[in-house]
Amino acid sequence: MRRAVFLGLFGMLLPGACRRGPLPSDLAGKVVFVSDRDGREALYVKTLPGGEERPVMRLDEAPAWPRLSPDGRTVAFSAAGKIGLVSVPLGAPRFVTFGVEWQDLRPAWRPDGKALAVVAQPSSGRSAELHLLTLETAPGTARREPILKVSGLEEVAPAFAPDGKTLVYLRDANVFRLDLASGQSTRLTGGFRSIRAARFLPSGRLLALWQQGKQCGLDAMDADGNNRETLAQGPAVYQAVAPSPDGHYLAATLAFEPTVALRQRSEVRLLDARGRTLGTLSGGRGHDAHSADWGR
């Protein structure tokens with residue numbers, strides 16, 4: 001019995017568990033991601049369940065970490081230290097920061113769609129900070145406000161809670177929660193598992209991708225770090241995860257599988273709410289796909 005349970009968990013993250021057939025018919029919304037399928041990295045969008053992968057835009061600079069706005073109409077992304085916005089399914093990008101005084105990365109939408117949290121690296125080379133960019137009504141403008149500054153520590157990968165009152169971020173491979181009203185930070189995780197990414201589910205629970213030695217996995221926990229449970233674990237390395245709007249599915253970027261002998265290509269996999277592999281959304285065959293986000 002124990003052997004069967006172990007093999008079941010192990011199989012969740014192995015190539016054999018990934019099928020290329022039709023996706024579940026109840027998928028909804030759209031997924032945005034970065035892909036090099038046309039020879040260079042660009043933003044793509046796929047309407048679920050059966051839509052084609054369509055380019056959103058192409059730039060001279062490679063885009064990174066796209067994030068869909070709460071209404072599903074706009075993608076925020078970073079490129080060459082700048083934060084840009086582009087309408088979906090196809091639009092002209094406009095930049096709200098310009099990569100001069102600050103190099104801005106990893107945008108995260110506030111639930112009201114009026115502001116973004118970003119990782120801001122000063123040009124002087126000091127430690128990164130978390131900033132809030134409030135989007136102004138004038139096109140191409142944003143008001144910058146530092147929300148977290150801790151000397152000597154890197155603040156990365158912000159994600160807002162569904163109520164917009166708190167956000168989580170990573171520091172030294174642990175998850176911290178920041179109360180935006182008080183400015184107080186609380187560590188939510190510790191121990192030997194190094195956290196790679198953390199995102200909120202629509203329910204308010206947290207998902208966390210982790211690595212410990214040669215094992216990687218997916219945990220779920222309450223917003224205060226309590227009631228933590230391991231959903232799946234195995235040797236495959238996932239770099240990012242995004243829940244569907246209803247919380248029933250996950251889009252996860254697979255970066256590496258030890259059992260793949262040929263050149264590894266990243267792909268966006270579809271997982272169920274327990275971390276079990278259901279199929280592939282994009283990538284893995286002849287091109288890379290990564291950094292997916294899922295929205296309305």
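All figures in this text were calculated on a predicted structure; none of them were measured in a lab.
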Exercise for review: Tell me, with the steps shown, if R296 and D71 meet salt bridge (charged side-chain N to carboxylate O under 4.0 Å, His left out).
Suggested key: CA-CA 6 Å; R296 296 170 53 186; D71 63 8; over 6 Å; no
Check your understanding: Do the ring planes of F33 and Y44 sit parallel (below 30°), tilted (30 to 60°) or perpendicular (above 60°)?
Key -> parallel
Review point. Got a sec: does the CG of D60 have more than 12 other heavy atoms crowding it under 6.0 Å?
Key: no
Point to revise | Working for side-chain contact (heavy atoms from CB on, under 4.5 Å), residues L270 and L23 | key: CA-CA 8 Å; L270 177 68; L23 299 176; 4.0 Å; yes
Practice item. Give a yes-or-no answer on whether the side chains of T189 and N174 include a donor-acceptor pair shorter than 3.5 Å. Key: yes
Practice item. Please confirm whether the backbone N or O of Q184 pairs with a side-chain atom of S182, one donor and one acceptor, at under 3.5 Å? Key: yes
Review point. Does atom CD of E52 have more than 12 heavy-atom neighbours from other groups under 6.0 Å away?
Key: no
Practice item. State whether R110 and D112 are salt-bridged, where the test is any N-O pair (Lys NZ or Arg NE/NH1/NH2 against Asp/Glu carboxylate O) under 4.0 Å. Key: yes
Revision key, fill the gap. Contacts of D219 meeting side-chain contact (heavy atoms from CB on, under 4.5 Å) (sequence neighbours excluded), chain-then-number -> R193, W210, R228, T230
Point to revise | Minimum heavy-atom distance between D246 and S244, given as atom pair plus value | key: OD1-OG, 2.6 Å
Check your understanding: Can R274 and E229 be counted as an ion pair, charged N to O under 4.0 angstrom?
Key -> yes
Practice item. Indicate the atoms forming the closest heavy-atom contact of S291 with V34, along with that distance. Key: CB-CG2, 4.5 Å
**Study point:** Donor + acceptor pair across side chains of E53, S282 (<3.5 Å)
**Key:** yes
Review point. Are the side chains of V237 and R196 in touch, meaning some heavy atoms are under 4.5 Å apart?
Key: yes
Review point. In terms of hydrophobic clusters joined by side-chain contacts under 4.5 Å, are L254 and L207 together?
Key: yes
Exercise for review: Return the minimal non-hydrogen interatomic distance between A79 and P63, and the atom names on each side.
Suggested key: CB-CA, 4.2 Å
Check your understanding: Using 4.0 Å as the upper bound for N to carboxylate O, is an ion pair formed by E267 and R269?
Key -> yes
Exercise for review: Applying side-chain contact (heavy atoms from CB on, under 4.5 Å) between D293 and each of V75, V32, V31, report the one that passes.
Suggested key: V32
Check your understanding: Within a radius of less than 6.0 Å around CD of E61, do more than 12 heavy atoms belonging to other residues, nucleotides or ligands occur?
Key -> yes
Point to revise | hydrophobic_cluster_shared for V175 and L218, side chain cutoff 4.5 Å | key: no
Exercise for review: Please say whether the positively charged group of K82, taken as NZ for Lys or CZ for Arg, lies over the ring of F95, i.e. under 6.0 angstrom from the six-membered ring centre and within 45 degrees of the axis.
Suggested key: yes
Point to revise | Evaluation steps, side-chain hydrogen bond (donor to acceptor under 3.5 Å, both in side chains), between E41 and H290 | key: CA-CA 10 Å; E41 291 200 329; H290 59 88; 2.9 Å; yes
Practice item. Taking side-chain contact (heavy atoms from CB on, under 4.5 Å) as the test, write out the residues that go with D172, two or more places apart. Key: L153
Check your understanding: Would F256 and S266 satisfy side-chain contact (heavy atoms from CB on, under 4.5 Å), going step by step from the backbone distance to the final call?
Key -> CA-CA 7 Å; F256 175 73; S266 62; over 6 Å; no
Check your understanding: Does one hydrophobic cluster hold both L231 and L250, with members joined at side-chain heavy-atom distances below 4.5 Å?
Key -> yes
Review point. Looking at L130 and E155, what are the two nearest heavy atoms and their distance?
Key: CG-CB, 3.7 Å
Check your understanding: Should V56 and F77 be counted in the same cluster of Ile, Leu, Val, Met, Phe, Trp and Tyr side chains packed under 4.5 Å apart?
Key -> yes
Study note, to complete from the structure: Nearest heavy-atom contact between V241 and R199 is O-CG, 3.1 Å
Check your understanding: Between D272 and R276, is the closest basic N to carboxylate O distance under 4.0 Å?
Key -> yes
**Study point:** Step-by-step side-chain contact (heavy atoms from CB on, under 4.5 Å) determination, V118 to R106
**Key:** CA-CA 6 Å; V118 298; R106 302 184 73 122; over 6 Å; no
Check your understanding: Would you say L135 and I83 are hydrophobically clustered, going by side-chain heavy atoms of ILVMFWY under 4.5 Å?
Key -> yes
Check your understanding: Pick from D104, L132, T134: which one makes a side-chain contact (heavy atoms from CB on, under 4.5 Å) with R144?
Key -> D104
